[in-house]
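The shown structure was predicted, so the numbers you read here are calculated from the model rather than taken from an experiment. Proteins get letters first, then strands, A, B, ... in listed order; numbering begins at 1 in each.
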Number of protein chains: 2
Amino acid sequence: MDEGPRFSPLYRQIKERLLAGLEAGEWKPGESIPSEVDLATRFKVSQGTVRKAIDELAGEFLLVRRQGKGTFVATHTDEDHSQYRFLRLRPQEGEQEYPASRLLDCHRGRASAEVARMLELRLGEGIVVLKRVLYFREQPVVLDEICLPGSIFKGLTAARINGYSGSLYSLFETEFGTRMIRADERIRAVPADGEAADSLRVKERTPLLCVERVAYTYGDRPVEFRRGLYRTDEHFYANKLA
Amino acid sequence: MDEGPRFSPLYRQIKERLLAGLEAGEWKPGESIPSEVDLATRFKVSQGTVRKAIDELAGEFLLVRRQGKGTFVATHTDEDHSQYRFLRLRPQEGEQEYPASRLLDCHRGRASAEVARMLELRLGEGIVVLKRVLYFREQPVVLDEICLPGSIFKGLTAARINGYSGSLYSLFETEFGTRMIRADERIRAVPADGEAADSLRVKERTPLLCVERVAYTYGDRPVEFRRGLYRTDEHFYANKLA
DNA sequence: GAGTGGTCTAGACCACACT
DNA sequence: GTGTGGTCTAGACCACTCC
């Protein structure tokens with residue numbers, strides 16, 4: 001009956017130990033981890049075995065290797081545009097752009113059945129709800145509603161968000177120690193309701209993309225549920241299939 | 001000025017030689033390639049170097065490794081559901097399902113400006129156009145229009161498609177020697193026009209997902225452009241972000 | 001048991017970044 | 001030059017599949 005793995009290679013055990021170190025905050029986002037030789041010595045294995053463990057973590061974008069410099073903990077805070085790793089919107093014409101954000105609302109609430117299920121909370125547990133609009137070239141394109149577990153994001157306020165110059169995920173990892181490492185999205189087409197029409201400056205019932213995202217941190221723990229409504233007259237959602 | 005790679009490691013050269021063999025049809029989809037030891041001997045490198053080349057090809061889903069059995073050329077024809085590798089539609093409720101297809105039309109035409117650009121053809125070059133509906137549980141969910149270069153798909157007819165019991169990509173690789181190895185999709189929300197409303201049994205102007213796909217074969221050559229209109233009242237488009 | 005892919009080691013050398 | 005990750009080798013042994 002049981003279908004658990006009967007065999008765990010050494011490099012995977014090393015991977016788990018590195019993962020534990022990352023989760024425990026032994027090395028912080030943007031910092032470098034010890035060299036492969038150091039880790040091999042510490043774990044009493046060969047460098048090749050450490051390499052294979054790091055290879056997998058780099059493949060999952062938890063670590064970033066830089067030849068000649070070292071291996072670094074991935075971050076949503078980098079100067080380059082890795083802060084927009086999860087943004088799939090592209091302009092119909094012209095170069096890739098990055099959005100400006102305007103916060104509409106930030107309040108406490110209680111988990112509905114839907115949110116509780118998505119975030120693995122109990123019904124009615126405390127959450128934080130954000131609303132915001134994303135602008136490309138001064139044009140509103142995305143209306144986001146974002147639900148977060150209150151227990152993790154205790155001190156989160158509108159002022160805190162508005163006073164921060166970076167992406168939300170950058171703020172989450174810097175100020176709340178919670179790193180988003182992967183996410184699942186579900187996409188549907190819906191008609192704009194009054195609020196969306198208003199915020200995005202389209203007519204009611206205009207077709208919009210409805211993008212629901214659950215983002216996960218270490219250990220596959222869900223820590224964000226968001227629903228975005230996207231205008232797609234001048235942008236599209238890009239996806240690569242392999 | 002030039003930014004080409006200054007250095008190509010051995011395993012990447014081996015990878016290119018394997019790729020050339022795949023493209024030339026030296027090993028056909030579903031068949032096994034020679035063992036790592038054989039290839040190492042043939043290419044006069046160590047087994048580890050061959051391994052690394054195969055690792056990359058397996059990571060791109062061009063090869064599939066099976067411990068104890070060998071390494072096989074990937075296919076869209078497998079009994080398992082790898083034939084639906086590119087299908088991202090999931091039911092809102094219940095288990096994953098796989099669609100039935102009904103061909104509406106198959107005719108020759110000439111490449112419009114848009115299609116010519118997408119398929120890297122000259123304006124007016126011969127193409128084949130397919131229209132079909134995909135059904136989940138007897139319900140129409142997707143209306144597809146598929147454009148293919150006429151030069152590659154010479155003998156493609158409605159009869160040929162209807163007489164084939166497998167996915168389109170399976171037919172393409174089996175009968176036309178053209179394997180789809182990756183694809184880019186662009187997703188927007190659009191209102192149903194008369195034809196879509198009719199085919200999908202929804203009201204006109206119902207919001208639908210518009211999914212445009214360009215599929216590529218070896219050497220990044222585009223060989224299919226399709227536009228799908230998806231009902232998303234009982235299904236959604238699933239995507240994993242990492 | 002023979003053959004295949006998968007793991008692990010130890011050591012040599014290359015490419016790159018910093019100082 | 002020194003230290004980092006990246007490549008390559010050769011060989012031993014493990015896990016899985018099939019005969």
Side-chain angles (χ1 to χ4, degrees), chain A residues 2-19 21-22 27 30-75 78-80, chain B residues 2-19 21-22 27 30-75 78-80:
Chain A
D2 183 24
E3 281 297 332
R6 330 183 165 290
F7 169 71
S8 180
L10 231 196
Y11 74 84
R12 223 173 265 279
Q13 300 172 38
I14 302 300
K15 181 185 173 187
E16 289 309 317
R17 294 174 70 168
L18 290 172
L19 219 31
L22 287 169
W27 315 290
E31 290 179 6
S32 70
I33 67 171
S35 76
E36 296 179 352
V37 180
D38 283 359
L39 291 169
T41 308
R42 175 185 318 190
F43 295 140
K44 295 197 173 59
V45 297
S46 78
Q47 187 187 350
T49 300
V50 172
R51 263 194 87 69
K52 188 141 187 181
I54 293 180
D55 276 346
E56 288 205 353
L57 292 169
E60 296 163 17
F61 306 104
L62 298 187
L63 295 176
V64 178
R65 323 185 76 137
R66 288 187 224 158
Q67 190 176 31
K69 298 169 91 170
T71 300
F72 298 78
V73 182
T75 172
D78 276 354
E79 326 68 33
D80 62 36
Chain B
D2 183 23
E3 281 296 335
R6 326 180 169 292
F7 169 71
S8 180
L10 231 195
Y11 74 84
R12 224 172 262 281
Q13 300 172 35
I14 302 299
K15 181 184 173 187
E16 290 307 319
R17 294 175 68 168
L18 289 172
L19 219 30
L22 287 169
W27 315 289
E31 290 179 7
S32 71
I33 68 172
S35 77
E36 295 179 352
V37 179
D38 283 359
L39 290 169
T41 308
R42 174 186 316 189
F43 295 141
K44 295 196 173 59
V45 297
S46 78
Q47 187 186 351
T49 300
V50 171
R51 263 194 86 69
K52 189 141 188 184
I54 292 179
D55 277 345
E56 288 205 354
L57 292 168
E60 296 163 16
F61 305 104
L62 298 188
L63 295 177
V64 178
R65 323 185 76 134
R66 288 185 224 159
Q67 191 176 28
K69 297 169 92 171
T71 300
F72 299 78
V73 181
T75 172
D78 276 354
E79 326 68 34
D80 63 36

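- No engagement by B:Val37 is indicated, since no non-hydrogen atom pair under 4.0 Å with the nucleic acid exists.
- Atom pair A:Leu10:CG and D:dC14:C1' shows a separation of 12 Å (rounding to whole Å applied).
- Per the geometry, CD belonging to A:Gln47 stands 11 Å off C1' belonging to C:dT9, to the nearest Å.
- B:Arg66 comes within 4.0 angstrom of the backbone, heavy atoms only, and of no base.
- B:Gln13 places a side-chain N or O within 3.5 Å of a backbone atom of B:Ser8 that can act as its donor or acceptor partner.
- Close to D:dC18, at under 4.0 Å from its OP1 or OP2, lies a side-chain N or O of B:Lys69.
- Nucleotide C:dA17 forms a pair with D:dT2, judged by Watson-Crick or G-U wobble geometry with both contacts under 3.5 Å.
- Residue B:Leu39 contributes atom CG, which lies 11 Å from atom P of C:dT4 at whole-angstrom precision.
- Nucleic acid contact class of A:Thr71 (heavy atoms, under 4.0 Å, all strands): sugar-phosphate only.
- Nucleotides of DNA chain C nearest to A:Gly68 and B:Ser35 differ in position, and the one nearer the 5' end is that of B:Ser35.
- Among the nucleotides D:dT9, D:dT7, C:dT7, the one closest to any side-chain atom of A:Lys52 is C:dT7.
- Distance from the side chain of A:Glu36 is smallest to D:dG5 among C:dA10, D:dG5, D:dT7.
- To the nearest angstrom, C1' of D:dC8 lies 17 Å from NZ of B:Lys44.
- At least one side-chain nitrogen or oxygen of B:Thr49 sits closer than 4.0 Å to the OP1 or OP2 atom of D:dT9.
- Legend: residues meeting salt bridge (Lys or Arg N to Asp or Glu O under 4.0 Å) with A:Arg65, ordered by chain and number and at least two apart, are A:Glu36, A:Asp55.
- No option in A:Leu19, A:Val73, A:Leu18 other than A:Leu19 meets the side chain to side chain contact (heavy atoms under 4.5 Å, CB included) test with A:Leu62.
- Atom-to-atom, OH of B:Tyr11 to P of C:dC13 comes out at 21 Å; the value is rounded to the nearest Å.
- Between A:Glu31 and A:Trp27, the shortest heavy-atom distance links the atoms OE1-CA, 3.7 Å.
- Atoms CZ (B:Phe7) and C1' (D:dT7) sit 7 Å apart, rounded to a whole Å.
- In this model, the phosphate group of C:dG6 is approached by a side-chain N or O of B:Arg51 to a distance below 4.0 Å at OP1 or OP2.
- Minimum atom distance to the side chain of B:Gln67 is reached by D:dC16, of the listed C:dT7, D:dT9, D:dC16.
- Here the C1' atom of nucleotide D:dG6 and the CZ atom of B:Arg12 are 11 Å apart, to the nearest Å.
- When all heavy atoms of B:Ala74 and B:Phe61 are compared, the pair lying nearest together is CB-O, 3.1 Å.
- Protein atom CG of B:Asp38 is 14 Å distant from nucleotide atom C1' of C:dA2, rounded to whole Å.
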